[in-house]
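Notes follow once the structure below has been shown.
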Amino acid sequence: MTDNVTACKVAKPDIATRLRRETRDAHCQIEAVMSDLLFATPLDLQAYQHMLKLHRSYYELVEAKLGQFHTTAAMMRERCKLSWLDSDIRYLKKDCGQSVSDHGSYASEALELPENEAQAWGFLYVFEGATLGGGHILDRLRHQPHFKGRSGLRFFHSYGPKTPAMWREFQLSLQQFVAANPGSEKQIINGANLSFSNMYALMKGVRVD
Ligand code: HEM
């Protein structure tokens, strides 16, 4: 009995708990900078489009990298988000007549991309976790006059009603990766923090004249 109690007290937190805990500050930072842009009244449509374009460049680089590691490549078969970003960018250009120059974009060579499979899981965690916040963002933006239905908001709609199930499946696969790769937690958390800091730099690059 005593042994069980002791074991419980010293049980190591699982990867999901560690990721949430050890990236909390980074999440707060990105949430603050995104909220400033997305929840400004009225919404600056040009800044919104600029944000989508920067996201697109970044997601393209990272998704290509995730495709290079066996286990993350398998996950990406149904988790690619580029077409969502493309559809929003197209809508803004066509229906809202928005067009922004590429000024203020980031230098891709300054980005740190995953160097190994464990780090890649950390990057994937950030992309998948962002779909959870997406629902909250969608609720705030869907009443804006520029958007009808899902038009212009496909990226934040993400997996829609399937989002909680996709998240659970992601967490399960992540646990399986850790079980098969003991000691990989540090690299996974490091990858997640790298991705958050890339995205923070990216969002800081959203400037509108
Ligand atoms: C205005 C912007 C954002 C808001 C309001 C927001 C809000 C949230 C909320 C409410 C959750 C928890 C959802 C739940 O447990 O059901 C969450 C989780 C998460 N978000 Fe965000 N988010 C924002 C932006 C972002 C961005 C830009 C990223 C990534 C670049 C991100 C990454 C994550 C991650 C990784 C989680 C999972 C945390 C966990 O391990 O449980 N979020 N977000």
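Start at 1 and go down the list; that is how both ligands and their atoms are numbered. What you see is a predicted model, and the numbers here were worked out from it, not measured in a lab.
- For atom 27 (C) of ligand 1, the nearest non-hydrogen atom of the protein is Ile30 CG1, 3.6 Å.
- One option in Arg18, Met34, His27 has a heavy atom closer to atom 23 (C) of ligand 1 than any other, and that option is His27.
- A donor-acceptor pair under 3.5 Å is formed between the side chain of Tyr48 and the backbone N or O of Gly152.
- Contacts between Phe127 and ligand 1, counted as non-hydrogen atom pairs separated by less than 4.0 Å, are absent for every part of the residue.
- At a 4.0 Å heavy-atom cut-off, ligand 1 touches Ile137 through the side chain alone.
- Close contacts between ligand 1 and Gly133 involve ligand atoms 6 (C), 7 (C), 8 (C), 22 (N), 43 (N) [criterion: under 4.0 Å to a heavy atom].
- For atom 17 (C) of ligand 1, a protein non-hydrogen atom is found at a distance below 4.0 Å.
- By the 6.0 Å contact criterion, CD on Gln175 is enclosed, its count of non-hydrogen atoms from other residues, nucleotides or ligands being greater than 12.
- Phe155 and Asp88 get closest at one heavy-atom pair: N-OD2, 2.8 Å.
- Polar contact with ligand 1: absent for Glu31 (N/O pair, distance under 3.5 Å).
- For ligand 1, the atoms sitting less than 4.0 Å from at least one non-hydrogen atom of Met199 are 30 (C), numbered in the order shown with element in parentheses.
- Not a single N/O/S atom of His136, whether from backbone or side chain, sits less than 2.8 Å from atom 21 (Fe) of ligand 1.
- Under the 30°/60° scheme for interplanar angles, the aromatic rings of Phe127 and Tyr58 are found to stand perpendicular.
- Distances below 4.0 Å separate heavy atoms of Tyr125 from the following atoms of ligand 1: 35 (C), 37 (C), 38 (C), 39 (C), 40 (O).
- Counting protein heavy atoms only, atom 1 (C) of ligand 1 is closest to Ser35 OG, 3.4 Å.
- Compare Leu132, Asp36, Thr131 by their heavy atoms: the one nearest to atom 14 (C) of ligand 1 is in Leu132.
- Residue Leu19 places no heavy atom under 4.0 Å from ligand 1.
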Derivation of the salt bridge (charged side-chain N to carboxylate O under 4.0 Å, His left out) call for Lys186 and Glu22: CA-CA 10 Å; Lys186 207 168 163 203; Glu22 295 178 42; over 6 Å; no

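- Thr23 places a side-chain N or O within 3.5 Å of a backbone atom of Leu19 that can act as its donor or acceptor partner.
- Comment: Lys81 does not engage Glu63 in a salt bridge, judged by the lack of any side-chain N to carboxylate O separation of less than 4.0 angstrom.
- Side-chain atoms of Arg154 come within 3.5 Å of backbone atoms of Ser158 as a donor-acceptor pair (strictly under, hydrogens ignored).
- Protein heavy atoms are found less than 4.0 angstrom from atom 41 (O) of ligand 1.
- Using a 4.0 Å cutoff on heavy atoms, Val126 counts as a contact of ligand 1.
- Salt bridge status for Arg24 with Glu31: absent, with no side-chain N to carboxylate O gap under 4.0 Å.
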